[in-house]
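As structure tokens, the structure follows; a few thoughts come after it.
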Amino acid sequence: QPHTPEIEQPTTSIDDSFHKQPFIIGVAGGAASGKTTVCDLIIEQLRDQRVVLVNQDSFYHTLTPEELTKVHEYNFDHPDAFDTEKLLCVVEKLKQGQAVDIPKYDFKSYKNDVFPLRRVNPSDVIILEGILIFHDPRVRGLMNMKIFVDTDADVRLARRIRRDTAEKGRDIGMVLDQYSKFVKAAFDDFILPTKKYADVIIPRGGDNHVAIDLIVQHIRTKLGQHDLCKIYPNLYVIQSTFQI
Ligand code: ADP
Ligand code: C5P
């Protein structure tokens, strides 16, 4: 049935003849490493810009009735748990300056496409965040900057226990079983190997204000170059010649 998506930003009016490419940032790291916290701090500092956050969690596959009966055997930390084709399609559209509807994922019912969908308008900065956001080379290839949030495993587990019991209604036994059965191994096998793609590795996550300030400064520099190019379109030629 038709549903109206929730619109979270004002519609962009691209009245300039110059099409501005958004600056795309990827933020990866283990579960509960502080990715969302880092993204929130970046967004907070960039509040004068149009920034959109796209979570890889929004692209979890909905479980089939059969998978639901054996949910404790399902690996939510494997790359196949995500609909990467849909994620790619959404990011490509945003990159081309089109508005998109992003699915909503419900961690309690294990269902995706929870209505209303999230309507996102094109922005100056797009942040892609998720445990395996660097896994697919096509998604990685869209990013202008890649950040890996590096937090010790014991800290991640402690935060996960607190978060999943408080917010996801799970008991501590379930959280520990899932961690030892899937989460720990998937971190070693799939997440940690993507750290090598990062341009910036942030130890201590959201507590690392120096790293966040530097990242925001870099983004501002890049956005400033866009604005300069809008005023002086020929600067693009200079830019590509000197690879600024
Ligand atoms: P991720 O997005 O990587 O899963 P979050 O940023 O959502 O991580 O953080 C996971 C949990 O840990 C949240 O409950 C959050 O409030 C908490 N948390 C994040 N960073 C810190 C920190 N520096 N100190 C204490 N708790 C934190
Ligand atoms: O937000 P964060 O990056 O921590 O989310 C990823 C984590 O969510 C994964 O470690 C995965 O095990 C967990 N998850 C879950 N239940 C789901 C979907 C994901 O526990 N239904």
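Position 1 is the first residue of the sequence; numbering continues from there. Read the numbers this way: they start at 1 and go in the same order the structure lists the ligands and their atoms.
Here the heavy atom of the protein found nearest to atom 1 (O) of ligand 2 is Asp57 OD2, 3.4 Å. Counting only heavy atoms of the protein, atom 13 (C) of ligand 1 lies nearest to Arg163 CD, 4.6 Å. Shortest contact from atom 8 (O) of ligand 1 to any protein heavy atom: Gly34 N, 3.1 Å. In terms of protein heavy-atom proximity, atom 15 (C) of ligand 2 is closest to Arg170 NH1, 3.4 Å. Nearest protein heavy-atom neighbour of atom 12 (O) of ligand 2: Asp77 OD1, 2.4 Å.
A cation-pi arrangement is present between Lys168 and Phe107 under the rule of less than 6.0 angstrom and at most 45 degrees off the ring axis.
The shortest N or O to N or O distance between Glu167 and ligand 1 is not below 3.5 Å. Remark: ligand 2 and Glu129 share no N or O pair separated by less than 3.5 Å (distance only, no angle test). For the pair Thr37 and ligand 1, the shortest N or O to N or O distance falls below 3.5 Å.
Less than 4.0 angstrom separates atom 16 (O) of ligand 1 from none of the non-hydrogen atoms of the protein.
With ring centers used as reference points, Tyr60 lies under 6.0 Å from Tyr105.
Judged by distance alone, the side chain of Lys104 and the main-chain N or O of Phe115 form no donor-acceptor pair under 3.5 Å. Remark: the backbone N or O of Glu129 is not paired with any side-chain donor or acceptor of Asn55 at under 3.5 angstrom. Without hydrogens or angle criteria, Thr62 side chain to Asn112 main chain gives a donor-acceptor distance under 3.5 Å.
Near Tyr105, meaning under 4.0 Å from any of its heavy atoms, are these atoms of ligand 2: 17 (C), 18 (C), 21 (N). The ligand atoms of ligand 1 that sit less than 4.0 angstrom from a heavy atom of Thr36 are 1 (P), 2 (O), 6 (O), 7 (O). Within the listing of ligand 2, atoms 21 (N) sit less than 4.0 angstrom from a heavy atom of Tyr110. Which parts of ligand 2 touch Ala32 is read off a 4.0 Å heavy-atom cut-off, strictly below it: atoms 4 (O). Distances below 4.0 Å separate heavy atoms of Asp207 from the following atoms of ligand 1: 23 (N).
By the 4.0 Å heavy-atom criterion, Ser33 is counted among the residues contacting ligand 1. Using a 4.0 angstrom heavy-atom cutoff, Gln178 counts as in contact with ligand 2.
With a 6.0 Å radius and a threshold of 12 heavy atoms from other residues, nucleotides or ligands, Arg162 has its CZ atom at or below the threshold.
By heavy-atom distance, the residue among Ala31, Gly30, Ala32, Ala28 lying nearest atom 10 (C) of ligand 1 is Ala32. Closest heavy-atom approach to atom 4 (O) of ligand 2 among the candidates Arg160, Lys35, Arg163: Arg163. Remark: among candidates Arg162, Arg159, Lys35, the nearest residue to atom 12 (O) of ligand 1 is Arg159, based on non-hydrogen atoms.
Hydrophobic clustering, with ILVMFWY side chains joined whenever heavy atoms are under 4.5 angstrom apart, keeps Val149 apart from Leu157.
The two atoms that bring Leu132 and Asp77 nearest to each other are CD1-O, 3.4 Å, heavy atoms only. In this structure, Val54 and Arg118 approach most closely via the heavy-atom pair CA-NH1, 4.4 Å. Counting all heavy atoms, side chain and backbone alike, Asp124 lies closest to Leu223 at O-CD2, 3.9 Å.
For Arg220 and Asp48, the salt-bridge test passes: some basic side-chain N is under 4.0 Å from an acidic carboxylate O.
Here the straight-line distance linking atom NZ of Lys181 with atom CG of Leu176 works out to 13.0 Å at 0.5 Å rounding.
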